[in-house]
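Atoms within each ligand, like the ligands themselves, are counted from 1 in listed order. We number each residue from 1, following the sequence as shown. Quick note: numbers below take in every heavy atom, side chains included, and nothing from hydrogens, waters or symmetry partners.
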Amino acid sequence: MSNSLYPIFLKLEQLSLLIIGGGRVALEKLESVLGNSPETSIKLVAKEIIPEVKALQARFPKIQIHERPYNENDFNNADLAIIAVNDLELAGQIREKARNHDLLVNIADKPDLCDFYLGSIVRKGSLKIAISTNGKSPTIAKRLRETFTEIIPDEMDMVLDNMQDIRNQLKGDFNYKVKELNRVTTEYLADGKKKLFEFRSGNRKADPHYQNSPEKSKHISRCHRSFTSFRRIRNYYLSV
Ligand SMILES: C[C@@]1(CC(=O)O)c2cc3[nH]c(cc4nc(cc5[nH]c(cc(n2)[C@H]1CCC(=O)O)[C@@](C)(CC(=O)O)[C@@H]5CCC(=O)O)C(CC(=O)O)=C4CCC(=O)O)c(CCC(=O)O)c3CC(=O)O
Ligand SMILES: NC(=O)C1=CN([C@@H]2O[C@H](COP(=O)(O)OP(=O)(O)OC[C@H]3O[C@@H](n4cnc5c(N)ncnc54)[C@H](O)[C@@H]3O)[C@@H](O)[C@H]2O)C=CC1
């Protein structure tokens, strides 16, 4: 079986999501969506809706809930749909209607009918990793999520903050930036804090106030911790 799924990272909060179904599976999908993109505009329609789904409305005011059978108008203005109904034939019919309205569709229990799958999602601050097993084993996707969440240190976010600072400080054309960022990360992965800090404080070397300030010590320890973590992650993977 080929693995031709193509992952993208949607700005879901700028789109409109239609969910049909209000049972356990709809709840699971909603939690995944809201956990990552809490401001998403969601219209949920289902004949019967479990209390846990209804309760989400209090915390996430952009969910509109309609307890009734779905109808054709529900597809208007939606960009994506997640279908979690307990009836395959019905799911197939809903998919056709959604397609006629140019929506991309996920049908929870029918991979063959899906335009997209939901992934298992690892989050560490700004880092996000989406995992798919090509539909073969959602349980392994979940286990991998747990493993990565455990082994990637929380300080990973500091690595990203530092790299963003460095990136913003670089002056030059695109090729120069690419070269510098590759050089910086190669060096720091190899030997760490000193060079990174010199680079980071480069434009403040002439500032005696900064050189003796608590701010400088804070920056050194922050850089040190974040790149130590980064090296630890990398060395771990190189050793297994
Ligand atoms: C194809 C896909 C389409 C889609 O739903 O998007 C799909 C399909 C199906 N799932 C089924 C069952 C389960 N799904 C889960 C869990 C998750 N399922 C998710 C995604 C996907 N599930 C897509 C493929 C992703 C990939 O490529 O790997 C996750 C990652 C994301 C999310 O849903 O948020 C989320 C984990 C989130 C997390 O915790 O990190 C569990 C485990 C549990 O709940 O503990 C079970 C029970 C155990 C088992 O079967 O493994 C069944 C059988 C239904 C039945 O038998 O009735 C089908 C239908 C079929 O395979 O035919
Ligand atoms: N992809 C996945 O992760 C998994 C998928 N599944 C499958 O997902 C499906 C849904 O599971 P549950 O949420 O547990 O089922 P459920 O029976 O609790 O929920 C089905 C929902 O569909 C609604 N519904 C039915 N007909 C409707 C209509 N005409 N208009 C509007 N709403 C309608 C019902 O009111 C209910 O809210 C099942 O078929 C199950 O096999 C189950 C486990 C995991």
Got a protein heavy atom sitting under 4.0 Å from [atom]?
| atom | answer |
| --- | --- |
| atom 5 (O) of ligand 1 | yes |
| atom 49 (C) of ligand 1 | yes |
| atom 16 (C) of ligand 1 | yes |
| atom 39 (O) of ligand 1 | yes |
| atom 20 (C) of ligand 1 | yes |
| atom 53 (C) of ligand 1 | no |
| atom 28 (O) of ligand 1 | yes |

What is the nearest protein non-hydrogen atom to [atom], stated with its residue, atom name and distance?
| atom | answer |
| --- | --- |
| atom 25 (C) of ligand 2 | Asn86 OD1, 3.9 Å |
| atom 42 (C) of ligand 1 | Thr139 OG1, 3.9 Å |
| atom 1 (N) of ligand 2 | Ala108 O, 2.4 Å |
| atom 61 (O) of ligand 1 | Pro111 CG, 3.9 Å |
| atom 44 (O) of ligand 1 | Glu28 OE1, 3.8 Å |
| atom 14 (O) of ligand 2 | Val25 CG2, 3.8 Å |

Under-4.0 Å heavy-atom contact with ligand 1, by part of [X] that carries it:
| X | value |
| --- | --- |
| Asn134 | backbone |
| Ser120 | both |
| Lys29 | side chain |
| Lys136 | neither |

- Query: Going by distance only, is there an N or O of Thr133 that falls short of 3.5 Å from an N or O of ligand 1?
  - Reply: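 Yes - when backbone and side-chain N and O of Thr133 are compared with those of ligand 1, one distance drops under 3.5 Å.
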- Item | Nitrogen or oxygen of Asp109 less than 3.5 angstrom from that of ligand 1 |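 No; the residue has no nitrogen or oxygen that sits under 3.5 Å from a nitrogen or oxygen of the ligand.
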- Query: Are Ile49 and ligand 2 in contact, using a heavy-atom cut-off of under 4.0 Å?
  - Reply: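 No heavy atom of Ile49 comes that close to ligand 2.
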- Would you say Pro69 contacts ligand 2, with heavy atoms under 4.0 Å as the rule?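 Pro69: in contact with ligand 2 (<4.0 Å).
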- Item | Salt bridge present between Asp115 and Arg99 (N-O < 4.0 angstrom) |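 Result for this pair is yes, salt bridge flagged.
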- Is Arg143 salt-bridged to Glu146, going by a charged N under 4.0 Å from an acidic O?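 A salt bridge links Arg143 with Glu146.
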Of the side chain and backbone of [X], name the one, both, or neither that has a heavy atom under 4.0 Å from an atom of ligand 2.
| X | result |
| --- | --- |
| Ala46 | both |
| Lys29 | side chain |
| Leu88 | neither |

- Among residues two or more places apart or on two chains, list those pairs meeting ring-ring contact (aromatic ring centres under 6.0 Å, His included) that have a residue in residues 77-115.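 Every ring-ring contact (aromatic ring centres under 6.0 Å, His included) pair that includes a residue of residues 77-115, provided the two are not neighbours, is Phe75-His101.
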- Message: Counting only heavy atoms, tell me which of Val85, Asn106, Ile20 gets closest to atom 9 (C) of ligand 2.
- Response: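 Among Val85, Asn106, Ile20, the closest heavy atom to atom 9 (C) of ligand 2 belongs to Val85.
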- Query: Which residue from Gly35, Ala108, Ser132 reaches closest to atom 8 (C) of ligand 1 through any of its heavy atoms?
  - Reply: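 It is Ala108 whose heavy atom sits nearest to atom 8 (C) of ligand 1.
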All N/O donor-acceptor pairs, side-chain side in residues 4-29, below 3.5 Å, sequence neighbours left out:
residue : atom : partner : partner atom : Å
Glu13   : OE2  : Glu39   : N            : 2.7
Arg24   : NH2  : Glu52   : OE2          : 2.5

- Message: Please determine whether the number of non-hydrogen atoms from other residues, nucleotides or ligands lying under 6.0 Å from atom NZ of Lys128 exceeds 12.
- Response: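 Yes, enclosed.
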- In terms of hydrophobic clustering (I, L, V, M, F, W, Y; side-chain heavy atoms under 4.5 Å; direct or indirect links), are Phe116 and Leu113 co-clustered?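 Unlinked, Phe116 and Leu113 end up in two clusters.
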